[in-house]
K.L.:
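I'd like to ask some things about the structure below.
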Amino acid sequence: MIDLHCHLLPGIDDGSKDMETALRLAKEAVKNGITHALLTPHHMNGVYINHKSDVIRLTEKFQKEITDAGIELAVFPGQEVRINGNLLQSLDDDDILFADEGNKYLMLEFPDDDVPTYTTDMIYQLQMRGIVPIIVHPERNTKIMKHPELLFDLLAKGCISQITASSYVGTFGEKVETFTRQLIQAGQAYIFASDTHDLPGRKYEMNEAFKKMTVEFNKKLADEFKENAKFIINGDIVVPHTIQSVVGVSKKKKFGLF
Ligand SMILES: [Fe+2]
């Protein structure tokens, strides 16, 4: 299993506080069935800046520690990039890490409670550069929860969405869990990731999420989610879903008569 979003790298954001914690989480990841993990420290979120060269260097160091500890986990450098006005400049400066080596898939985060007004324009600019934005955990964004059409529009334009496994399992409460299920049902979800932080009450729930998906939906969809993660890290094409309606809004009937 591939995990495309986690905060394992020690001491650089609100993830693992030290190497010991990072190694413990790496062990938990393997126990949860994860074989490959993209390390995605926050970048440009107003609190944390984690430059590309630093993340690459720290990931190499962490991989060595993982291997020395006998943990069978392959880690890759990444970033969880907050949408911001300097993003295009940072791309020009080669300070952005993608989920894949070919610089196609960008793990893009919004503020927890907002989808900035310039988002559509920024997404267009990114797409003009051949980038496919992956909107991380839209199911936890309070503005998207209130206005699911915002996500619908971004997906219709060719973005991809990453759902946090714990959201689907119910760790963030029933509201988030229900919205997550609705997004999956509506074809508006593409992959699960752990978004692991070393926080109380947070643990790896990837396996649990996939088990639940197999019961509530089917194994085919769970397999598709796993395949999509592989396509993304390899820079291959993820087949876009046909999405027909905004979550929570029933399709308009012809003439509105029936
Ligand atoms: Fe994250």
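Just follow the structure's listing: the first ligand is 1, and inside any ligand the first atom is 1. For reference, positions follow the sequence shown, starting with 1.
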K.L.:
Can Arg181 be said to sit on top of Tyr168's aromatic six-ring, NZ or CZ under 6.0 Å from centre and within 45° of the ring axis?
P.N.:
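Geometry flag: not set, cation outside 6.0 Å or 45°.
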
K.L.:
Glu139 and side chain to side chain contact (heavy atoms under 4.5 Å, CB included): which single residue from Ile184, Ile163, Thr178, Ile144 fits?
P.N.:
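It is Ile163, the one option of Ile184, Ile163, Thr178, Ile144 that forms the side chain to side chain contact (heavy atoms under 4.5 Å, CB included) with Glu139.
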
K.L.:
Under a 4.0 Å threshold between the charged nitrogen and the carboxylate oxygen, would Glu177 count as salt-bridged to Lys212?
P.N.:
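Salt bridge present between Lys212 and Glu177.
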
K.L.:
How far does NZ of Lys52 sit from CD of Gln79, to the nearest 0.5 angstrom?
P.N.:
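Going from NZ on Lys52 over to CD on Gln79, the span is 8.5 Å.
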
K.L.:
What pairs with Asn32 under side-chain contact (heavy atoms from CB on, under 4.5 Å), at least two apart in sequence or on another chain?
P.N.:
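Partners of Asn32 by the side-chain contact (heavy atoms from CB on, under 4.5 Å) criterion, ordered by chain and then number, come out as Tyr204, Met206, Asn207.
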
K.L.:
Just the protein N/O/S atoms under 2.8 Å from the Fe ion (ligand 1), please, no waters.
P.N.:
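Listed by chain and number: His5 NE2, His7 NE2, Glu80 OE1, Asp195 OD1.
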
K.L.:
Looking at Phe98, is Lys104 sitting on its ring face, NZ or CZ under 6.0 Å from the six-membered ring centre and within 45 degrees of the normal?
P.N.:
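No, Lys104 and Phe98 do not form such a contact.
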
